Number of protein chains: 2
Amino acid sequence: MSTLDGPEHTPVPPPILNPAGGANQVRVRAYNERLVLSLVRLYGALSKADIARRSGLSAQTVSVIMRVLEKEGLLSRGAPVRGRVGQPSIPMHLNADAVYSFGLKMGRRSADLVLMDFVGRIRMQLHRTYAYPLPDEILAFVTSGIQELEDRLDEKQRGRIAGLGIAAPFELWNWAEEVGAPPGAMEVWREVDLQADIAARVSHPVFMQNDATSACGAELVFGVGPSYPDFVYFFIGSFIGGGIVLNSAIFSGRTGTAGAIGPLPVRGKNGETMQLLEIASIFVLENMLRERGIDPEPLWYSADDWVDFGEPMETWIQDSAKALAQAIVAAASIVDFSAAVIDGGFPHWVRSRVVQATIDEAAKLDLQGVVMPEIIEGAVGAQARAIGGASLPIFARYLTDQNVLFKEVDHAEGT
Amino acid sequence: MSTLDGPEHTPVPPPILNPAGGANQVRVRAYNERLVLSLVRLYGALSKADIARRSGLSAQTVSVIMRVLEKEGLLSRGAPVRGRVGQPSIPMHLNADAVYSFGLKMGRRSADLVLMDFVGRIRMQLHRTYAYPLPDEILAFVTSGIQELEDRLDEKQRGRIAGLGIAAPFELWNWAEEVGAPPGAMEVWREVDLQADIAARVSHPVFMQNDATSACGAELVFGVGPSYPDFVYFFIGSFIGGGIVLNSAIFSGRTGTAGAIGPLPVRGKNGETMQLLEIASIFVLENMLRERGIDPEPLWYSADDWVDFGEPMETWIQDSAKALAQAIVAAASIVDFSAAVIDGGFPHWVRSRVVQATIDEAAKLDLQGVVMPEIIEGAVGAQARAIGGASLPIFARYLTDQNVLFKEVDHAEGT
DNA sequence: CAATAAATAAATCCAATTGAATTATTAATT
DNA sequence: AATTAATAATTCAATTGGATTTATTTATTG
C-alpha cells in the first residue's frame, strides 16, 4: 500500500487549545449532582425515578445523590402523586430559598440591582436612572445597594448568597454622544475594570457578562429556551444588542459578544446602508420624542411607565421592524435557527407590536431558500438583563446547561 | 421577604430536549480513552507524562490507558527524547495503519472514493465523473470501488476498516437544470435514502453528512482547525456550500446544514439581489466557458487538470470574491468568527487568487463595528469533502472533538 | 553520586451498578 | 368488603471497576 496523496499537511501550528481535562470519580459526582439539579430545574419537579429514567443513571445512584441534595436544602419534596399503580412518587423541586444571587444590570441610562432566588424569581430590587453612567456612581450604587438588600435578609439567608452577576454593555465609550453624554465623559470606562473594582468591594464572587448576552441567557433558562434548542435573540434597550443560543447553550464567542448584532448592516428606509443599532434602539425613539417636544424621561423610569407616544413611536416601531426583519434573514442564512426572539426594555404591548410588525416586514422580503425561524416575543421581559446576570453565579456553582463535564469552573469567575 | 416581581413565567412548555445522561465509570473510561487519542492526534506525539499534564489525569491512569491503547495497536512509541534531566520521555503517536476508513464524496459532476488512514492520509482513491448522478450508478461505483480497494488490502488490514462516511449534497433535485441535468432526471433522489441503500450493500458501518459540512470537518481536524477555535468555512464546488465551526467543533444545526451559506442574499454586480450560489459556484464558471466555446470538461477530471482559462475565469474570480466578501461580513455580524476559510474543488493557484481577491473586496466594504475574521485559504484542498466523510467513522469510534461525555454513540450510525 | 523526571506496581478509595428487599399503591378477584 | 396480584418507587447491602495515592524503579543530567 503506498501513499498516493495526502491532505496538504501544513506543519501543525502550535495548538491554542487546552482541551478539556480527563474524568474521574470526583468530577463525575459533581457533574451528576449538577445534572440532577438541572433536570429538576428544567422540568419544575421530578421524582427520583423520573430522574433515573431521564439521566440514564441507576435508581440507587439517583437516590443517593438526591438524598444528599435534599439534606443540603437544595431540593425539597412535594406532595406524593397518587393515582397510578405502585408506590406514589414524590416529586422533588428546587427549594426556592436555598440560594440567592445578586444581579446588576448597568446600562447607559439606568441601573438595576436585583436579588433573585434559586428558581429565578426576583425577590427584591433597586432601580436608578442617570443621564449617563460614571464608574464611581455605579460602584456606590452597587455597594450601598447590596448593603441595603442584605440588611433585609437574616443571617441564615445572607449565608446563601451565591454571588453577584453583572450584565453591562461592552465599549460604553462608543456612541456616547448619540445617547446624550457630554463628549469625552465616557472615556473613563476605557480604563475601568468594573468586575475587578466591584469584586474588591463586595464579599461575594463576582461574574460579568455582556448585557444583551445576559438577557439572552435569561431567556434560555427562564423563557422560551426549553422550547427552542437554538435561537437568535434581540434585546432592544437604549441600544439594541443580541445573543445566540446553540444546542440549548449560550454561545458567547471569542470576544464574548457573539450575536452582538448591533453593527449588522441593513438597508435604511431611504435605501442607504445603516447599522441595525442606528434604527432599532430606544435612544432613537428618545431623540425622536425630544425633537417633537415630548418629554422622553418616562422611557427610563420603568418599562411600565411607558405611555402610547403616538406618531413618533409608530414610526419607530415600523422602522425597527423593517431593520429587524432584515437582520433575521441574514442570521437565518448563516445558522438555521429555530426561532428569533425579540424582547426589550419596554412594556409588553410595545413588544407585541414590534414582533407583529417584524413578522409582517419579514414576509415582504425575498426568502427563497432561507430556512426562516419563528419570530416570537421574549417571555422574560424588561428585567431580562438583570435576571441573566443574577443567574451567572447560580449556574457557575449549581447547574449545567450543557452535557459538558468541565467548564473550567474557576475561569468563570476570572474574565 | 416577599415576591416583588418575577420573570413572566409562561407555564413551562414540554421540553423538547432529552438532556445528556449521567456519568459512570464505564463511560468515564471510554471518554478518557478518546481524550487521550484526541490529544495525541492534535499534538502529533505526546509522552504519557505530557498527556497526564494536559488532561489533568494522574500519571498512573494515563499509563494504564496508554498501555492498553498501545497493545491494541492504536498507539506506537517513538524514539526516546533525551537531553533533559530525568528519564527520557517516550513520545507516543497514532499508528497510521491502526485504522482505515472509506470516504465517499458524491457530487453533482463527479464522485470520489478514498481510503484514509488513522492520521488522515489518503492511501488509495478512485474517481469518476458524470453529467449528473443517478442512484444506481452511484451504488455500483461504491460497491465495486470498495471491493476493488479492499482487494488491495490483506486480511489483517481489511479487519481494521472502521466504516464508510458519505459526503453528499442535500436536496440534489434543486438547481438540477442549472448544472445541465435533463429536466426531472434528479427527481429520483427525492425518494432515495442513500445512506440506507449503501448500508444494505456494504459490510461496514455507514455514516453520512452534508458534503460542505464534511469538508469543513476535514479542515477542522486536518487543516487550520487547531489554530482557529471558530471559523466560517466556504467550499466552492460545482455549488458553493459551507460550514461553521464553533468552539473547535462542527456546528451542524437543527437541519444538519448550518452554514449552508448558499442561499445567502448578496448584491450582484448590477446591484440586484442574488443568492451567493448563483455567483460563486463552479457551475457558473462552467457555463461561462461553454458560452465562449471553451470545453469545460477539464473542470471535473481533477483539480490539477485546470488550466488558466483566461478572461472568463478572471471574471468569475472577481465576481465570486465580491460575493464572498459580502457573505463574510454578514457572517461576522452574527458571530465573531476568528477566521473565514475558503477552499474548493480547484487547484491551489486558483484558491490563492480567490482568497486574495476576496480580501481585497472585503476591504472595500463598510466594516465599521464589525469584528472581521482573518480571511485565509483552506489547508486541505480539493479532496476535503472525501476526507471529511472518511473521518466520520473514525471520530465516531475513536476520537472526540468536544469535551462532551456522551454524544449518543449509537445515534451516529443512524441518521 | 545527587537531583530530576518518567514510568510503573500495589494498595486504597469511592461512586456507580447490581440484585434483593421494602413500601405503598391500584386492579382484579373472591 | 376483604383478599390477592401486579406494579412502581425507593432503599439496603454487596460488588465492580477506574482513578488516585504512595512507593519504587529506571534512566538520564550535572
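The figures that follow rest on heavy atoms only: side chains count, while hydrogens, waters and symmetry mates do not. Nothing here was measured: the structure is a model prediction, and the numbers come from that model. Chain identifiers are assigned alphabetically (A, B, ...) following the order of the sequence lines, protein sequences preceding nucleic acid strands; residue numbering begins at 1 within each chain.
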Near-ring test A/Phe251/B/Phe251, centroid separation under 6.0 angstrom: no
Minimum-distance nucleotide (side-chain atoms of [X] versus [options]):
| X | options | value |
| --- | --- | --- |
| B/Gln87 | D/dA9, D/dA27, C/dT17 | D/dA27 |
| A/Gln60 | D/dA27, D/dT10, C/dT18 | C/dT18 |
| B/Val28 | C/dA16, D/dG18, D/dA9 | D/dG18 |
| B/Asn32 | D/dA19, D/dT11, C/dT8 | D/dA19 |
| A/Ala49 | C/dA6, D/dA9, D/dG18 | D/dA9 |

Please state whether the phosphate of [N], meaning OP1 or OP2, lies under 4.0 angstrom from any side-chain nitrogen or oxygen of [X].
| X | N | result |
| --- | --- | --- |
| A/Arg29 | C/dA16 | yes |
| A/Lys48 | D/dA8 | no |
| B/Ser63 | C/dT8 | yes |

Quick one: does A/Asp117's side chain have a donor or acceptor within less than 3.5 Å of a partner on A/Tyr100's backbone? no
Tell me whether B/Asp97 is salt-bridged to B/Arg123, with the criterion being a basic N under 4.0 Å from an acidic carboxylate O. yes
Return the value, rounded to whole Å, for the distance between atom [atom1] of [X] and atom [atom2] of [N].
| X | N | atom1 | atom2 | result |
| --- | --- | --- | --- | --- |
| A/Tyr31 | C/dA16 | OH | C1' | 15 Å |
| A/Glu33 | C/dA16 | CD | C1' | 13 Å |
| B/Ile90 | D/dT26 | CD1 | C1' | 11 Å |
| A/Leu57 | C/dT18 | CG | P | 11 Å |

Sequence neighbours left out, what passes salt bridge (Lys or Arg N to Asp or Glu O under 4.0 Å) with A/Asp50? Give chain and number order. A/Arg53
Could you check which residues of residues 64-80 of chain B get a heavy atom under 4.0 Å from DNA chain C? Sort them by number, please. B/Arg67
Should A/Glu70 and A/Arg67 be marked as a salt bridge (Lys or Arg N to Asp or Glu O under 4.0 Å) after you check the CA-CA gap, both sets of side-chain angles, and the distance that decides it? CA-CA 5 Å; A/Glu70 187 185 0; A/Arg67 257 177 294 166; over 6 Å; no
Sorted by position of nearest nucleotide on DNA chain C, 5' first, the leading residue of A/Arg84 and A/Thr61 is A/Thr61
Assign B/Ser89 to base, sugar-phosphate, or nothing according to its heavy-atom contacts below 4.0 angstrom with the strands shown. sugar-phosphate
Using a 6.0 Å distance limit plus a 45 degree cone around the ring axis, check whether A/Arg54 lies over the aromatic ring of A/Tyr43. yes
About how many Å separate CD1 of B/Ile244 and OG1 of B/Thr213, when rounded to the nearest 0.5 Å? 9.0 Å
